[in-house]
Amino acid sequence: PSKPVSITLWHSMTDVNLTALQYLTHQFNTSQHEVTVTLVNQSSYTDTLTAYEAALSGGPIANIVQMESHDLQLLIDSDSVVPVESFIDASHYLTSDYLPSAIDYFRVRGTLWALPFAISGQILYYNKLNFDAGGLDSSAPPSTLAELEDAARTLTERKVVPYGMALSLTSSTFKEWLAMAGQELVNHGNGRTARATAVEFDGPIGERIADWYATMYGKKWAQASPPSGSEAYDNLLAIGSGTSAMTISTSATLGTVLSLLSTYPKVRLGVGPLPGPNGTKGVYVGGSGLYIVKTRSTADEQAGAWEYIQHLCSPASQAYWAAKTGYVPVRQAAASIPVLANAWTAHPEYKVAFDQILSSPVTAASSGEVVGPADKIGTDLDNMLTLISEGKAPAQVLKSAASQANSAIAQYNSSVGA
């Protein structure tokens, strides 16, 4: 900026994540005198999106907004943000050190819209003591869906636990398995070669995954767990209570999970990469990105925002961020910085998601979907999984979810004149 500026970041971080963000922001504010950053906590990604959409109609708005990755199309269509590609070109900023799949998520048709910041991936959590009791190798967790099914069956039938695993009724895992099989969620290269107009999750791969869920629930090898609300973590708590031996969840909660489950004497927690379809073709990256807002924002404020974002995404900041929160660092160089390297040595579980994402080939499927009603599609898939857990025919509810999602896409595209 050509003169000192004050800027705001709207974010969704709480608890230890908020403390880490406050530290990095204080570090930035005290390191120079040109830019002062104020944090505004919107509590959740949903609240942030609601507040942002309201602000576009008038009133105070952030200079930087942290948005969930699947809201990318909404941000593009709002015409309210400046692509970070503009700042990258102007400052000759290099992105070669970023995790390829993380940076690729926010690039659409050659334009990078945001920098990835709080990145996570789905991983397997399991109780090593249960594996030992069931005659399974606790040092070698399942790596495929077939192995996951077999382990759940063994643990259930040998009465080690009432259910071999707890499965959250969330679309995140379903979408992850689609990506790992190379299947895009929506058409036109997952919305990356042209605007998405229809879903593609109801093909043979989607049917196979839906059938897998039906088998797990039908055989009573898996227990269904709510995807949101006060019971959203029941799948993880089931390991502590002894109801199940395994579950799948985001690596973003790893720190909290390790702390919580360490209080249970009959749990020795293991963490492994996400099991998936054979012939994995790349994992789906979750999390959020940082967007520079242009609506009611001056050029100096935008320049100040870019300086701050570079600080948050630097290798040193990302090393600290990952060590304190359990998020995956978006920079490869962060892995060798002592604060993170030492943390990973003490707790190798924290490195599982990083290695999984780093080794993942980048495909249109693993880069994630770019589609306006992404949240609505996720809800349709959540409902589909709930119906499968209740015994409904998987093929029928899969087609129904696709039909509802296609209607939402058509309605959204019409609303933006596309």
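Just so you know, these numbers use all the heavy atoms, side chains as well, and skip hydrogens, waters and symmetry mates. From a predicted model like this one, the values you see are computed outputs, not experimental measurements.
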key: D77 vs Y412, side-chain hydrogen bond (donor to acceptor under 3.5 Å, both in side chains): CA-CA, chis, key distance, verdict   = CA-CA 11 Å; D77 289 335; Y412 175 87; 2.5 Å; yes
message = Under the criterion side chain to side chain contact (heavy atoms under 4.5 Å, CB included), I'd like the reasoning laid out for L387 against M384: C-alpha separation, chi angles, the key distance, then a yes or no.
response = CA-CA 5 Å; L387 291 172; M384 176 196 76; 5.8 Å; no
message = Checking Q318 against Y98 for the side-chain hydrogen bond (donor to acceptor under 3.5 Å, both in side chains) test, could you report, in this order, the C-alpha distance in whole Å, the side-chain angles of both residues, the deciding distance, and whether it holds?
response = CA-CA 11 Å; Q318 281 294 302; Y98 281 77; over 6 Å; no
request  = Could you check S31 against Q27 for side-chain hydrogen bond (donor to acceptor under 3.5 Å, both in side chains), going step by step and ending with a plain yes or no?
outcome  = CA-CA 6 Å; S31 69; Q27 185 184 63; over 6 Å; no
request  = Run the numbers on E184 and R192 for salt bridge (Lys or Arg N to Asp or Glu O under 4.0 Å), then give the verdict.
outcome  = CA-CA 11 Å; E184 295 155 14; R192 295 179 174 275; over 6 Å; no
query = Under the side chain to side chain contact (heavy atoms under 4.5 Å, CB included) criterion, do L49 and Y45 qualify, and how do the steps go?
reply = CA-CA 6 Å; L49 179 60; Y45 288 127; over 6 Å; no
request  = Could you go through the side-chain hydrogen bond (donor to acceptor under 3.5 Å, both in side chains) check for T8 and T38 one step at a time?
outcome  = CA-CA 5 Å; T8 58; T38 299; over 6 Å; no
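Between L274 and I248, the closest side-chain pair of non-hydrogen atoms falls below 4.5 Å. The closest side-chain heavy-atom distance from T144 to P275 is not below 4.5 Å. D382 is not listed as a side-chain neighbour of L169, based on a closest heavy-atom distance of 4.5 Å or more. Using a 4.5 Å heavy-atom threshold, the side chains of Q32 and V35 count as touching. Residues M246 and F131 meet the side-chain proximity criterion, which asks for heavy atoms closer than 4.5 Å. Looking at heavy atoms from C-beta onward, L18 lies in side-chain contact with N41 at the 4.5 angstrom threshold. The side-chain heavy atoms of Q73 and R195, taken from C-beta on, include a pair separated by under 4.5 Å. N190 is not listed as a side-chain neighbour of T193, based on a closest heavy-atom distance of 4.5 Å or more.
For the 3.5 Å distance criterion, the side chains of D104 and S367 qualify, holding a donor opposite an acceptor. Under 3.5 Å, the side chains of S44 and D47 contain a donor-acceptor pair of N or O atoms. Residues S366 and T363 bring a donor and an acceptor atom of their side chains to less than 3.5 Å of each other. Side chains of Q42 and S12: no donor on one and acceptor on the other come within 3.5 Å. Checking Y125 against E349 by side-chain atom types alone, no donor-acceptor pair falls below 3.5 Å.
Checked against the 6.0 Å centroid threshold, F87 and Y93 do not count as a close aromatic pair. Aromatic pair W177/Y213: ring centres closer than 6.0 Å. Aromatic ring centres of Y327 and W321 lie closer together than 6.0 Å.
The only option from F28, Y23, W306, F117 that meets the ring-ring contact (aromatic ring centres under 6.0 Å, His included) definition with H311 turns out to be F28. Checked options P273, P142, S143, S249; the residue passing with L124 is P142 (criterion: side chain to side chain contact (heavy atoms under 4.5 Å, CB included)).
Judged purely by atom type and a 3.5 angstrom limit, N235 has no side-chain atom pairing as donor or acceptor with the backbone of L167. Checking side-chain atoms of Q356 against main-chain N and O of Q122 turns up a donor-acceptor pair under 3.5 Å. Checking side-chain atoms of S259 against main-chain N and O of T256 turns up no donor-acceptor pair under 3.5 Å. Between the side chain of S360 and the backbone N or O of V283, at least one donor-acceptor pair lies under 3.5 Å. Judged purely by atom type and a 3.5 angstrom limit, S251 uses its side chain to pair as donor or acceptor with the backbone of G121. Although no hydrogens or angles enter the test, the distance criterion places a donor-acceptor pair under 3.5 Å between the side chain of H11 and the main chain of M13. Here the side chain of T243 pairs no donor or acceptor atom with the backbone of I239 at under 3.5 angstrom. A donor-acceptor contact shorter than 3.5 Å is absent between the side chain of S317 and the backbone of S314. When atom types are taken as modelled, the side chain of Q302 and the backbone of S297 share a donor-acceptor pair closer than 3.5 angstrom. Using modelled atom types, one side-chain atom of D97 and one backbone atom of A333 make a donor-acceptor pair closer than 3.5 Å.
When the shell of 6.0 Å around OH of Y233 is examined, it contains 12 or fewer heavy atoms from other residues, nucleotides or ligands. Atom CG of D375 sits in a sparse spot, with 12 or fewer heavy atoms from other residues, nucleotides or ligands closer than 6.0 Å. For Q411, the CD atom sits in a loose shell: 12 or fewer heavy atoms of surrounding residues, nucleotides or ligands are nearer than 6.0 Å.
Look at K128 and D137 and you find no salt bridge, because none of the NZ, NE, NH1 or NH2 atoms lies under 4.0 Å from a carboxylate O. Ion pair E34/K3 not flagged as a salt bridge, since none of the NZ, NE, NH1 or NH2 atoms sits closer than 4.0 Å to an Asp/Glu carboxylate oxygen. Taking the charged nitrogens against the carboxylate oxygens, R153 and D150 do have a contact shorter than 4.0 Å, which makes a salt bridge.
Scanning all heavy atoms of the two residues, the minimum distance from N406 to A198 falls at OD1-CA, 3.2 Å. The two atoms that bring G240 and V267 nearest to each other are CA-CG2, 3.8 Å, heavy atoms only. In this structure, N29 and V37 approach most closely via the heavy-atom pair OD1-N, 2.8 Å. Across all their heavy atoms, D202 and A402 have their closest contact at OD2-CB, 3.5 Å. Considering all non-hydrogen atoms of both residues, L155 and A245 come closest at CD1-CB, 3.7 Å.
At least one cation-pi condition fails for R268 and Y126: the charged atom is not both under 6.0 angstrom from the six-membered ring centre and inside a 45 degree cone around its axis.
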